Every structure is written in structure tokens, then in C-alpha cells.
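Below, chain A is the first sequence line, B the second, and so on; all start at residue 1. None of these values were measured; they are calculated from a predicted model.
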There are 2 protein chains.
Amino acid sequence: MSRVPAQAPGGAPTIREVAEAARVSRATVSRAFSRPDLLRPETVAHVRAVATRLGYTPNIVARGLSTGRYATIALVVPDIANPFFPPLVRGAQRAADAAGYGVFLGDSDEDAEREDSLLARFTGQVEGIVLASSRLDAARVRRHAERRPVVLVNRDLEGIPRVLIDPTGGINAAVDHLADLGHRRIAYVSGPHPSWAHQQRRRALRRAVAARQGLELVTVAARRPTYDSGVACVPALLATGVSAAVGFDDVLAQGLLAGLAAAGIPVPTHFSVVGCDDGVAATTAPPLTTVSAQTGEAGRAAVELLLGVLGNADVRDARYVLDTHLVIRSSTGAVSASRGG
Amino acid sequence: MSRVPAQAPGGAPTIREVAEAARVSRATVSRAFSRPDLLRPETVAHVRAVATRLGYTPNIVARGLSTGRYATIALVVPDIANPFFPPLVRGAQRAADAAGYGVFLGDSDEDAEREDSLLARFTGQVEGIVLASSRLDAARVRRHAERRPVVLVNRDLEGIPRVLIDPTGGINAAVDHLADLGHRRIAYVSGPHPSWAHQQRRRALRRAVAARQGLELVTVAARRPTYDSGVACVPALLATGVSAAVGFDDVLAQGLLAGLAAAGIPVPTHFSVVGCDDGVAATTAPPLTTVSAQTGEAGRAAVELLLGVLGNADVRDARYVLDTHLVIRSSTGAVSASRGG
DNA sequence: TTGTAAGCGTTATCAC
DNA sequence: GTGATAACGCTTACAA
């Protein structure tokens, strides 16, 4: 067989060349890297020296083919351009890197079919998969989880390890905060209905409001969790007569801020807005009071959970819950006379 | 030898099992997928049917080991959390996916050493590399380019294919725009000195200002291209007595906006701000007038260039230049009486 | 402690 | 048109 050498340009040296140069067998070279404890120290030193001189690095792909350990995981997100994900991706990639793992990134573009085909493709070449805010139905997620270890982020499926961002703490604090400021009627500007995060946030809000005397919650449906959609929601929001709103996420809340400004309603003196995620909240105008989530930590935790599964740790049904807290900035204030709840 | 099977959970079928079930040789199964034109149509159909029944998919890693074609590229960025990169990553991943390639993502965390080690790791398992806004010195970039095909984004090294975002068009338009509004003295709030993008923007600004009568450019050094740094720059910016500023990027410009607001300077009536990139410009308050770059397109183009190189297209010294244009929003206005240039 | 050789799943060469 | 078989680069029983 004579094909294009795998390491085409530069022709990276193989284990065989190192073996010949060091006058040992290929097995010995292999062991000098993967099981040095089995070799005489001098042998290890000698082989390593020769390898370095030749610029040899073990070929991870070939090793993977032999051992089944590809040292690679996949991370699939619905939309890397959504500010929620970059910190998560960063945390995940960093944790993987620290463990010597490479990360395949997949962007499903919010599309279940696309996500499905990305996963099908990855299955053959990764050891495990982190699925963040999956758009797949439970059955399909489980199907993939049968073929490869899967860790979910913000999706709660029994039997599949998952890291969940629990909005309860932050939402409770937000409702307390708004109540303290004198708000009585509060709106939730909703997220995408099938989203786990949306379900959780809505439920947490309902409970928080129900637990406090004299508060009322109304829901305003946003078309999509985008800035533009937030802007567009403002008339409907104002029509409800509330004096404060909690947005599904920061981006939506930022749109609310812009729409309110356009409508001539000053924030926070005449209307209060709370965001979620703390992704862009620090840089809005005014800076958003928001339910802060540890997004990067979620990415990190998901990867560590996955590595745990791969290392046979019995975390089959792990459920790692990250809590949230309220960060008070400048988009919330005392209820005004004109719009008191 | 009896090790953990490569496709551990679920045990994906191999080419051998399909061959046996279909009563043909492994070679025939292989050809049914990679060179169906060499087989009788009925054979192809039969093999494919059996494969489907068994749930067989060719193992990309094994194929890669045999052919040297891993169907995988690497994309390395300095900081995925910087809003400039997510659209680029998205464009790149999409283009790669369309060509059947997987994307390894690396985040160098703005650190050259880290970037170096990421690249060392990727070299053995990818066909080529896209290096966006590399923090590596030219020598090191070239060293990597010797081992694997590399395409650069926003870095201009002769002999290495690159896609460049040329700020000239947008900057010229921005200077015209500001001049038309009556501004005479304009500040450039600078980016990181070693950055190619910064060098280009500064040079384009200098030229644009020099080409027009009665304009003057001053430079204000930002510590880093961040929101906070933009806020912190405002006193120095105001001390220069200019009436308008162009920020290195949108994030920095957004900080300027916030700092100006905090200083009680209304934008755009008393001060004008222009950003760069058009990453977050549409959602600032007020919405930023900005030099819009086709970030996603840059990612797409880089990948296609790389795939071209891999397909032996002779683009060794390709230099793909994307131009920019000015998007006028609400952060620029006529110079005020009090701060006229 | 080290070497031999089989095998990971695929493709390419060469027969038939 | 299809089948043997060696090879891709590496790891790992098993022997020595």
C-alpha cells in the first residue's frame, strides 16, 4: 500500500521510526509513553530522548482506534451566538483540556433534526457527549444516551446525568426585592414553551408570588427569546398594568429595556425589569438586575460529570444542581405613584 | 487481545459484521459506501439495506487512520466569550458541517502558550486548522503551518492563506459621516497593540483623517478591549476635548457609552461614538453606529479556504479580503455648540 | 524488563 | 465487479 502519509506535510514520525532509532521494539516505545512504570528508567529516558529529537508525538487517533479511548468529547449547543452559551462552552472546553480531552463543537441552530445528525456523526468518534439545552425530545435523547455516555445541561431526564441551573434562589430573591420596592403586580415575559429553563423559571415565579401576600403574576408571551422580541413585547406588557417585569433571559430583558425607553417609560423610576442568566446584564443600559447563573461552572461541571462516567464512576443518575442568586443593579427601583401595583 | 470494544455502549456493528450478514467481503461493504460506482447497483442496494438493518455507519476514525483523511478540522480562538467570535465560530462550524467535517474548538484564553499546546494536540488529529486572531508570533504560526494546512483570520502572513476583514471602507464612511456632522477632532480609543485588527483600524483612521481637510485624530489608549476598560477611558477621552470617538470594537464602545452616560454627557447630542464589528452594536443604548464586519462570513470563508487547500486547490497564498461598511444607528449626531471640534 | 504478534475498523492494491 | 490481504499507527496479551 502506498498512500498519502497520514501526517502529510512534514511527515510526522511514527512509533516505528522511533523504535528503530532507539534500537528497541515498538512496544517499548509505546510503553515509554503510556506505561513508563513497566520499563527500566534508563530505557524510558533513552526512548523519550530519541522521540523528542525526532519530534515524535503519539498519534491520538491511532491510539483511540486501538483502545477505544478517543480522548475526545462532543459539546452540542443550540446557538453559540446566544450569550448564554459562550461562557458555558468556555468552561467545558477548559475542563476537557485540563483532562487531555479535545472538544468537538456542534451548533444545532435550534433545529432538532440538525442536532440529531450532529449527534449521529459524533457518536462514532467521541467518548461522550455534553448536550446543552437540547432541542430533542426525550426519546431521542435517550436513544443517543444508549450509544454513548451523555450528560445533559438544563434538561432533567431521569437516568441521564445532568447539570441543572435552578432558578429558585434567584427568583425568590427577585420577587422579595420587587415586593420590597412596593411592586404588587409583576409580569413574566416568557421564553420558548418547550424549554426546561422556561418551565423552571415560570414555576419558580408562580411559587414565589403565591407564597407572598398581595402579589399577582401575569404572563406576557414573547415570540422568541430575542432582543427584538423583547422590544416588541412592550406594548402588551404595558397593557397589563404591571409595574415590573421579569424576562425569561437577559437578552429578552434587554429588549424590554429598549422598548420601554422608546415608549418614554423611565427605568427604574417608573418601571422595573429583571433579567435572567447574567450574561449581558452588566452591560445594558441601565445595568440589569438579574438572576445570576454560573454558566461557566455549568459547562465545567458537565464535562467533569462526563469524565466521571467515562472513568466508570457510578454517576449514572447524577443530578448536579447549581443555584442562582440575585444581582441587583440599576433596572429595579421603588414603584412610582403613577404605576403602583 | 480482548479489550473494551471501541463502541462500548451499544456495540456499534463493524464492517465485518455487515460483510458477513450480506455475504460479501469487507472490501465490498467499504465500496458500497465510498465508491458505489465500482459496484453493481444491486450489490450496492443489498449491502446498504443490510447495513441499515444492522445500524451500521462507517467508523470515521478508522477510515481516517487508513486514508489520512480525518474529516476533521480545528478552530482556535482567543476567547469565545468575546462577542466577535461566536458568529465566526458559527459560520465556520456550519461550513465544515456542510462538507462533512467535524470541528474541534480550542479557546486559547488569550494566551500564546496555551494556543501553542492546543495546536500541538490538534495537529495529530485534524486535517487542517483555522486560526482566528492568533496570539502567536509569526515564527510559531509558520511552524504550525508547516505541519498542517493553516488558514488565518485577521492575521496577514505571506504564504499562509488568510481571510482578512478590511476596516477601510467602514472607517472611511465613519469619518465622512462624522465630518458631515461637523466633528473636527476625533479620538480613536485603541485596542491591544499587537492585534492586527487594531493596527488596521488605526491606520485606516489615520489615512481617512489625513485625506480630509481640517480633521484631527487623537489616540486614547484603552487598557484592554473590554466594557469596563471603555468606561474607565471616558475621563481621558473627555480631557482630549474631542467631540467624537471611534472605539476599537463594539464592546469597548459600549463601555464608552456607559461612561459618557455616567458623566452626564448625552449621546449623540453632545458626543458621538462609533464602534467596530457590529457584534452587539444593535442592542446598546443608544444603538451604536458601527463599522460592520461580516464575522460569520469570515468564519465560513476561512473554512472553505481550508477545505480548498485540503482538496489540493492551489490557494497557498490566498488572501481573501472582506470589506466593511458603516451602519448608522443612534450614537452619532451633529456636533453640539458646547463641544464643537 | 523487553520483544512478538494480533488486533482496533477501514481502505487500497492486486488478483481473479 | 468482487475478493484476499496488507497497511494505517498504536496498544496489549503472552512469551521469553
Side-chain angles (χ1 to χ4, degrees), chain A residues 1-8 11-47 51 54-72 123-125 127, chain B residues 1-8 10-47 50-51 54-72 123-125 127:
Chain A
M1 239 175 52
S2 75
R3 324 203 199 74
V4 178
Q7 311 260 1
T14 73
I15 204 172
R16 152 170 264 130
E17 300 171 44
V18 177
E20 284 169 4
R23 302 184 159 283
V24 296
S25 71
R26 281 141 70 218
T28 300
V29 177
S30 173
R31 288 192 270 252
F33 286 92
S34 41
R35 300 292 316 268
D37 51 298
L38 295 180
L39 262 33
R40 267 175 40 227
E42 308 99 83
T43 311
V44 174
H46 173 227
V47 171
L54 265 40
Y56 169 79
T57 320
N59 180 319
I60 302 183
V61 174
R63 168 184 294 174
L65 186 58
S66 177
T67 60
R69 306 200 57 252
Y70 291 77
T72 291
T123 293
Q125 45 191 333
E127 288 185 41
Chain B
M1 239 176 51
S2 77
R3 323 201 201 75
V4 178
Q7 311 261 0
T14 72
I15 204 172
R16 151 169 265 131
E17 300 170 45
V18 178
E20 283 168 3
R23 303 184 159 281
V24 296
S25 71
R26 279 139 72 216
T28 299
V29 177
S30 174
R31 288 192 270 254
F33 286 91
S34 40
R35 300 293 315 268
D37 51 299
L38 295 179
L39 261 34
R40 266 176 38 227
E42 308 99 82
T43 310
V44 174
H46 173 226
V47 171
V50 173
L54 265 40
Y56 168 80
T57 320
N59 180 320
I60 303 184
V61 173
R63 168 184 294 173
L65 186 59
S66 177
T67 60
R69 306 200 58 252
Y70 290 72
T72 289
T123 293
Q125 45 191 331
E127 288 185 42

Min side-chain heavy-atom separation [X]-[Y] under 4.5 Å:
{"X": "T14(B)", "Y": "N59(B)", "value": "no"}
{"X": "P41(B)", "Y": "V44(B)", "value": "no"}
{"X": "R69(A)", "Y": "R63(A)", "value": "no"}

Identify the heavy atoms of [X] and [Y] that sit nearest to each other, and give their distance.
{"X": "L39(B)", "Y": "T28(B)", "answer": "CD2-O, 3.5 Å"}
{"X": "L54(A)", "Y": "A21(A)", "answer": "CD2-CB, 4.0 Å"}
{"X": "F33(A)", "Y": "A51(A)", "answer": "CZ-CB, 3.6 Å"}
{"X": "G124(A)", "Y": "V61(B)", "answer": "O-CG2, 4.3 Å"}
{"X": "A32(B)", "Y": "P36(B)", "answer": "O-CB, 3.9 Å"}
{"X": "Q125(A)", "Y": "T72(A)", "answer": "O-CG2, 3.8 Å"}

Interatomic distance where [atom1] belongs to [X] and [atom2] belongs to [N] [whole Å]:
{"X": "H46(A)", "N": "dT2(C)", "atom1": "NE2", "atom2": "C1'", "answer": "14 Å"}
{"X": "L65(B)", "N": "dA6(D)", "atom1": "CG", "atom2": "P", "answer": "17 Å"}
{"X": "R63(A)", "N": "dC10(D)", "atom1": "CZ", "atom2": "C1'", "answer": "8 Å"}
{"X": "R16(A)", "N": "dT4(C)", "atom1": "CZ", "atom2": "P", "answer": "12 Å"}
{"X": "I15(A)", "N": "dC8(C)", "atom1": "CD1", "atom2": "P", "answer": "18 Å"}

Query - Heavy-atom donor-acceptor pair, S30(A) side-chain to dT11(D) base, under 3.5 Å - result: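 By the distance-only test, no, there is no pair.
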
Requested in this report: Would you mind classifying the nucleic acid contact of S25(A) as base, sugar-phosphate or nothing, using non-hydrogen atoms under 4.0 angstrom?
Outcome: base

Query raised in the report: Between Y70(B) and dT10(C), does any side-chain N or O lie under 4.0 Å from OP1 or OP2?
Result: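 False: Y70(B) side-chain N/O out of range (4.0 Å or more) of dT10(C) OP1/OP2.
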
Report task. When you get a sec, tell me which of dT10(C), dC10(D), dT2(C) is the closest nucleotide to the side chain of R26(A)? Result ->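 Looking only at side-chain atoms, R26(A) lies closest to dC10(D).
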
Query raised in the report: By a strict heavy-atom criterion of less than 4.0 Å, which residues belonging to residues 31-42 of chain A are in contact with DNA chain D?
Result: R31(A)

Requested in this report: Compute the bend angle of the helix from dT1(C)-dA16(D) to dC16(C)-dG1(D) from the end axes (five pairs per end), rounded to 10°.
Outcome: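 For the helix from dT1(C)-dA16(D) to dC16(C)-dG1(D), the axes at either end differ by 40°.
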
Requested in this report: To the nearest 0.5 Å, tell me how far R26(B) CZ sits from E20(B) CD.
Outcome: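 It comes to 9.5 Å.
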
Query raised in the report: Taking for each residue the nucleotide of DNA chain D with the nearest heavy atom, is it T43(B) or A62(B) whose nucleotide lies nearer the 5' end?
Result: T43(B)

Query raised in the report: Is there a residue in residues 17-24 of chain B whose heavy atoms reach under 4.0 Å of DNA chain C, and which residues are they?
Result: none

